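Comments concern the structure below.
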Amino acid sequence: MATVELRFSAQPEHVRTARLVAAAVARRAGVDEAVLDEVRLAVGEACSRAVGLHRSHGITAPVSVALIEEEKSFSVEVADEVPGPGDDPALGGPVGASATRGATPGAGLDGPDHESDADGEDEMGLAVISGLVDDVEVRSGAKGGVIRMSWPKTPATVLP
């Protein structure tokens, strides 16, 4: 299993680089050419979402992207460090983990309107990702969230 790891500051201009690297690694891993645009778009959406979460919560830690080549699939994990709703970092675990996360109450944002905007953008990003990728998993915990996306690899052609 080969893995490429990227870490970048939560700046929108770095999302394009992550998308291009993901597409190049997916191609090398054996993902079908017809699917590479989906990989590029889904990774871009997941990275944009992570950047937005970091920026809206004032987190300066980098966004992490792991590109994982497995025997029959290629996976991408985009991780942020924004605790999910209902998480109590003091207890070290989730109080009520959720698949989607938006603004956390008490996070120092500009009130309820800003929170509902962040929630809407978060849900829209997840909807776009789930429309592009058949195998998607979204996890949220006290230490942040991860979106894991997987695509099948094209079987190698055996020549006689």
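Predicted model, so just to flag it, every value in this text is computed and none were measured. Atom set for the values below is all heavy atoms of this structure, side chains included, hydrogens, waters and symmetry mates excluded. We number each residue from 1, following the sequence as shown.
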Considering only distance and modelled atom types, tabulate donor-acceptor pairs under 3.5 Å from the side chains of residues 127-135, sequence neighbours left out.
{"residue": "S130", "atom": "OG", "partner": "L126", "partner atom": "O", "Å": "3.2"}
{"residue": "S130", "atom": "OG", "partner": "A127", "partner atom": "O", "Å": "3.0"}

Inset, instruction - Could you pull out the closest heavy-atom pair between V39 and A22, with the gap in Å? - result: CG1-O, 4.2 Å
Legend entry - C47 side chain reached by V65 side chain, heavy atoms, under 4.5 Å: yes
Inset, instruction - Apply side-chain contact (heavy atoms from CB on, under 4.5 Å) to V43 and M149, showing your working. - result: CA-CA 8 Å; V43 169; M149 305 168 282; 4.2 Å; yes
Legend entry - Over all atoms of both residues, closest heavy-atom pair of A79 and V63: O-CG1, 3.6 Å
Inset, instruction - Evaluate the side-chain proximity of L53 to H57: yes if any heavy-atom separation is below 4.5 Å, no if none is. - result: yes
Inset, instruction - For P62 and R7, work out which heavy atoms get closest and say how close. - result: CG-NH2, 3.1 Å
Inset, instruction - Check each of V4, I68, L67 against V76 using the side-chain contact (heavy atoms from CB on, under 4.5 Å) test, and report the only one that passes. - result: L67
Legend entry - For V82 against D80, the heavy-atom pair lying closest together: N-OD1, 3.0 Å
Legend entry - Full working for side-chain contact (heavy atoms from CB on, under 4.5 Å) between L6 and V21: CA-CA 9 Å; L6 304 171; V21 170; 4.0 Å; yes
Counting only pairs under 3.5 Å, give me each side-chain donor-acceptor contact of residues 10-20, with atom names and distances, residues two or more places apart or in other chains.
{"residue": "Q11", "atom": "OE1", "partner": "R55", "partner atom": "NH1", "Å": "3.0"}
{"residue": "H14", "atom": "NE2", "partner": "S9", "partner atom": "OG", "Å": "3.2"}

Inset, instruction - Grab the two heavy atoms, one from H54 and one from A61, that are nearest each other, plus how far apart they are. - result: ND1-O, 2.9 Å
Legend entry - Electrostatic pair E69-K153, nearest N-O below 4.0 angstrom: yes
Inset, instruction - Show the numbers, then the answer: is there a side chain to side chain donor-acceptor pair (under 3.5 Å) between S73 and E70? - result: CA-CA 5 Å; S73 66; E70 297 167 327; 2.8 Å; yes
Legend entry - Closest approach of S150 to S75 (non-hydrogen atoms, all atoms of both residues): OG-OG, 2.7 Å
Inset, instruction - Can you tell me which residue pairs pass the salt bridge (Lys or Arg N to Asp or Glu O under 4.0 Å) test with a partner in residues 30-42, sequence neighbours excluded? - result: R27-E33, D37-R40
